[in-house]
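Here the structure comes first, spelled out in structure tokens, and everything after it is commentary.
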Amino acid sequence: MTAQAKTPIEVLKGLRESHAASFAGTQELLKAQKQTQQAITKALKEQPRTVPDVAAAAGLPSKEVLWWLAAMKKYGLVAEDGMAGDFPIYKFVEEK
């Protein structure tokens, strides 16, 4: 007796079912990351700020804000705009 081959739709359905928990966890992580980026962007759109100022405005830890600002700077979303004591001031770069 030979097993009947599964159709691509059946295979995909099986994969969706077996990975549902992983998919849900990933969706929650992406949602949290989007909220963090939006909070940082909002703080910088109001005015240029240092890392501690952005952290206070966004309600996030400074180390997390620093990581996000480094990534956002890499992709041209923020730029340094001078210094305030020992801290660089970051500003939001308006889209062209």
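The structure presented is a predicted model; accordingly, all values stated were derived computationally and were not measured.
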Got a second to check how far [X]'s [atom1] is from [Y]'s [atom2], nearest 0.5 Å?
| X | Y | atom1 | atom2 | result |
| --- | --- | --- | --- | --- |
| Leu60 | Gln35 | CG | CD | 10.5 Å |
| Ile40 | Tyr90 | CD1 | OH | 11.0 Å |
| Lys42 | Gln38 | NZ | CD | 10.5 Å |
| Lys91 | Lys73 | NZ | NZ | 12.0 Å |
| Ile89 | Gln47 | CD1 | CD | 10.0 Å |
| Asp53 | Glu46 | CG | CD | 11.5 Å |

For this session: Decide whether Trp67 and Met72 are clustered together by the hydrophobic rule: side chain heavy atoms of Ile, Leu, Val, Met, Phe, Trp, Tyr closer than 4.5 Å, transitively.
Result: yes

Nearest heavy-atom neighbours spanning [X] and [Y]:
| X | Y | result |
| --- | --- | --- |
| Arg49 | Ala57 | NH1-CB, 3.5 Å |
| Ser62 | Ala55 | OG-CB, 3.6 Å |
| Gln33 | Trp68 | O-CH2, 3.5 Å |
| Val54 | Ala43 | CG1-CB, 4.4 Å |
| Gly76 | Val93 | O-CB, 3.6 Å |
| Val78 | Leu44 | CG1-CD1, 3.5 Å |

Exercise. Between the main-chain N or O of Thr7 and the side-chain N or O of Glu10, is there a donor-acceptor pair closer than 3.5 Å?
Worked result: yes

Problem set entry | Any donor-acceptor pair under 3.5 Å from Ser22 side chain to His19 backbone | no

For this session: For Ile9, look at atom CD1 and say whether over 12 heavy atoms of other residues, nucleotides or ligands are found less than 6.0 Å away.
Result: no

For this session: State, with a plain yes or no, whether a side-chain heavy atom of Met83 is found less than 4.5 Å away from one of Thr50.
Result: no

